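Notes to accompany the following structure.
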Amino acid sequence: MPIAKALREIERGCAEIIDRERIETLLRNYYEKGERYKVKLGLDPTAPDLHLGHTVILQKLAAFQQHGATVQLLIGDFTAMIGDPTGKSETRKVLDRETVLENAKTYQEQAFKILDPDKTELLFNSSWLDALGSAGLIQLTTQFNVARMLERDDFEKRYKSGQSIAISEFLYPLLQGYDSVAMECDIELGGTDQKFNLLMGRHLQRAYNVGKEQAVLMMPILEGLDGVQKMSKSLGNYIGISEPAKEIYAKMLSISDELMWRYYELLSSRSLDEIAEMKRQVAAGELHPKKAKEMLALEITARFHDETAAREAKEAFDSLFKQKEIPEDIPEVVIEAGTWICKALVDAGLEPSNSQARRDIKQGAVRIDREKVSDDQLKLEPGEYILQVGKRKFARARVE
RNA sequence: GGUGAGAUACUCAAGUGGCCAACGAGGGCAGACUGUAAAUCUGCUGGCUUUUGCCUUCGGAGGUUCGAAUCCUCCUCUCACCA
């Protein structure tokens with residue numbers, strides 16, 4: 001394969017590349033001499049669910065694997081532990097380690113939906129950071145200074161706006177950079193928000209005379225379903241790659257038209273030309289934006305499940321919302337006869353509290369068997385009902 | 001170590017003795033309209049089966065008062081300046 005073509009594939013969708021020449025050299029060495037190289041990706045083991053935001057980077061790693069890379073998935077188990085301010089007792093630490101291992105396993109399973117397992121190594125940074133010791137840590141801190149540390153965007157903002165910064169937070173980038181020293185990686189991938197940390201790896205590899213300086217490749221941050229903030233689990237605006245096909249499909253369709261193009265660019269395997277053409281057709285009124293969104297939703301759903309599941313998800317979705325039918329696989333609950341409606345909704349997991357349930361009834365958001373409920377004192381008679389709150393929350397209740 | 005400023009609900013942010021479950025904005029939820037899009041309009045946004053009621057909440061613990069987010073004391077945390 002010509003080097004230029006490989007490089008183009010690698011570059012697609014990247015936000016920024018530092019030391020492109022290095023990447024080109026690595027590709028050349030692979031194609032001309034068969035030399036493999038290492039590409040690092042650091043993962044935070046606290047939240048084990050991968051979402052679409054992660055896949056932007058994982059897909060790039062998969063591309064690297066096709067061009068001679070061995071992927072190093074780094075589980076930041078050590079850095080996760082020092083980040084926990086309450087992690088002071090020994091027992092807790094042991095427990096954390098178990099959780100971390102479990103999370104790492106989950107991560108791996110999910111990541112292998114995209115990555116080639118034969119070309120992937122799994123590493124834990126505790127294996128060298130534990131051994132670093134206090135002396136090693138102090139040695140590490142001499143490699144950088146506070147003024148430069150404060151250049152990091154979020155530190156600077158917090159410092160200027162008078163918010164606190166813990167010393168341990170300064171250690172984070174240093175330790176992450178030291179990982180690159182220990183791993184002797186050639187390239188590190190990350191989101192654009194990781195730029196500072198990624199460059200730290202380069203800086204420290206030089207300081208520790210590793211004999212090479214990692215190239216850095218940054219991918220754009222994928223916005224979450226709200227279209228504003230980055231996709232993250234804690235914000236609840238994500239699509240998890242292990243979610244059921246119907247969920248993925250439905251969530252994809254709920255994004256705004258504007259966001260759809262962003263997702264096309266970052267997630268779709270369609271060529272950029274193809275996407276531009278679709279965009280033109282939509283603007284010209286030749287293609288309904290809803291259609292374009294459906295195509296994207298099908299593609300993404302099929303990626304994590306398969307074609308059949310994606311088509312089924314679409315059919316279920318269409319019958320539910322176009323014909324206003326009730327979905328088939330909704331949670332079932334058993335409720336005692338005579339239960340107050342509000343309590344039943346809470347028990348069914350449709351509402352967080354009786355008060356909220358009462359408020360929703362007042363607003364006409366609650367339905368039983370598609371009939372709007374107007375009496376907030378209603379007691380359930382024995383029988384089978386479909387409970388509904390808003391447009392999306394359903395439960396089948398067996399009252400006995 | 002010293003001096004000063006500050007801590008209010010998911011976030012920002014008013015309130016400085018009763019009219020406070022606490023202005024406003026953002027976010028979120030719901031309703032109308034739609035393509036479960038956007039925009040717009042409307043309502044809600046601590047809990048409690050008796051909802052013009054009751055209980056809990058304004059960093060924490062005490063105190064003053066008929067009554068405290070608001071005043072006093074101590075504590076914790078944050079920031080700024082000085083050392």
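Chain letters run A, B, ... following the sequence lines, proteins first and then strands; every chain starts at 1. Everything numeric in this text was worked out from a predicted model, so none of it was measured.
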| field | Out of G47(B), A37(B), U36(B), whichever nucleotide has its closest atom nearest the side chain of K293(A) | value | A37(B)

| Can we say K212(A) and E184(A) salt-bridge, meaning some charged N sits less than 4.0 Å from an Asp/Glu carboxylate O? | no

| task | Examine F144(A) together with F170(A) and report whether their ring centres are nearer than 6.0 Å. | result | no

| field | Per D257(A) side chain, nearest of listed nucleotides U36(B), A30(B), G35(B) | value | G35(B)

| request: Answer with base, sugar-phosphate or nothing: what part of the nucleic acid does R392(A) contact at a heavy-atom distance below 4.0 Å? | output: base

| query | Does a side-chain N or O from S256(A) land closer than 4.0 Å to OP1 or OP2 of A38(B), or not? | reply | no

| task | With heavy atoms under 4.0 Å as the rule, sort I165(A) into base, sugar-phosphate or nothing. | result | sugar-phosphate

| said: Heavy atoms from C-beta onward define the side chain here; which of A30(B), A37(B), C29(B) lies closest to that of Q356(A)? | reply: C29(B)

| Reckon K291(A) touches a base, only the sugar-phosphate, or nothing at all at heavy-atom distances under 4.0 Å? | nothing

| What is the distance from CD1 of I255(A) to C1' of U34(B), rounded to the nearest Å? | 17 Å

| query | NA contact type, L259(A), heavy-atom cut-off 4.0 Å: base, sugar-phosphate, or nothing? | reply | nothing

| request: To the nearest Å, give me how far apart NZ (K393(A)) and P (C29(B)) are. | output: 8 Å

| note | Correct closest heavy-atom pair for D49(A) and H54(A) would be O-CE1, 3.9 Å

| said: When you measure only distances, ignoring hydrogens and angles, does the side chain of K391(A) come within 3.5 Å of the base of U34(B) through a donor and an acceptor? | reply: yes

| With sugar-phosphate meaning primed atoms plus P, OP1 and OP2, does E258(A) contact a base, only sugar-phosphate, or nothing at under 4.0 Å between heavy atoms? | nothing

| field | Helical stems, RNA chain B - three or more consecutive Watson-Crick or G-U wobble pairs below 3.5 Å | value | B:1-7 with B:76-82, B:10-12 with B:24-26, B:27-32 with B:40-45, B:46-48 with B:53-55, B:59-63 with B:71-75

| Taking OP1 and OP2 of G31(B), is either one under 4.0 Å from a side-chain nitrogen or oxygen of R359(A)? | no

| query | Are any of K362(A)'s side-chain N or O atoms less than 4.0 Å away from OP1 or OP2 of G31(B)? | reply | no

| query | Within 45° of the ring axis of Y238(A) and under 6.0 Å from its six-membered ring centre, is that where the NZ or CZ of K251(A) lies? | reply | yes

| Shared-cluster residues of L198(A), by chain and number - hydrophobic side chains joined below 4.5 Å | I18(A), L199(A), V216(A), M218(A)

| Atom NZ of K105(A) with >12 non-hydrogen neighbours under 6.0 angstrom | no

| Sugar-phosphate, base or nothing in reach of S164(A), heavy atoms under 4.0 Å | sugar-phosphate

| task | Check the distance between A38(B)'s P and D226(A)'s CG and give it to me in whole angstrom. | result | 11 Å

| If each of K372(A) and Q363(A) is mapped to the nucleotide of RNA chain B with the nearest heavy atom, which maps nearer the 5' terminus, i.e. the 5' end? | K372(A)

| message | If the cut-off is 4.0 Å, is S353(A) near the phosphate of C48(B), judged by side-chain N/O to OP1 or OP2? | response | yes

| said: Please identify which of these residues, I275(A), L296(A), L266(A), meets the side-chain contact (heavy atoms from CB on, under 4.5 Å) condition with W261(A). | reply: I275(A)

| note | RNA chain B nearest-nucleotide lookup for G364(A) and K246(A): closer to the 5′ end is G364(A)

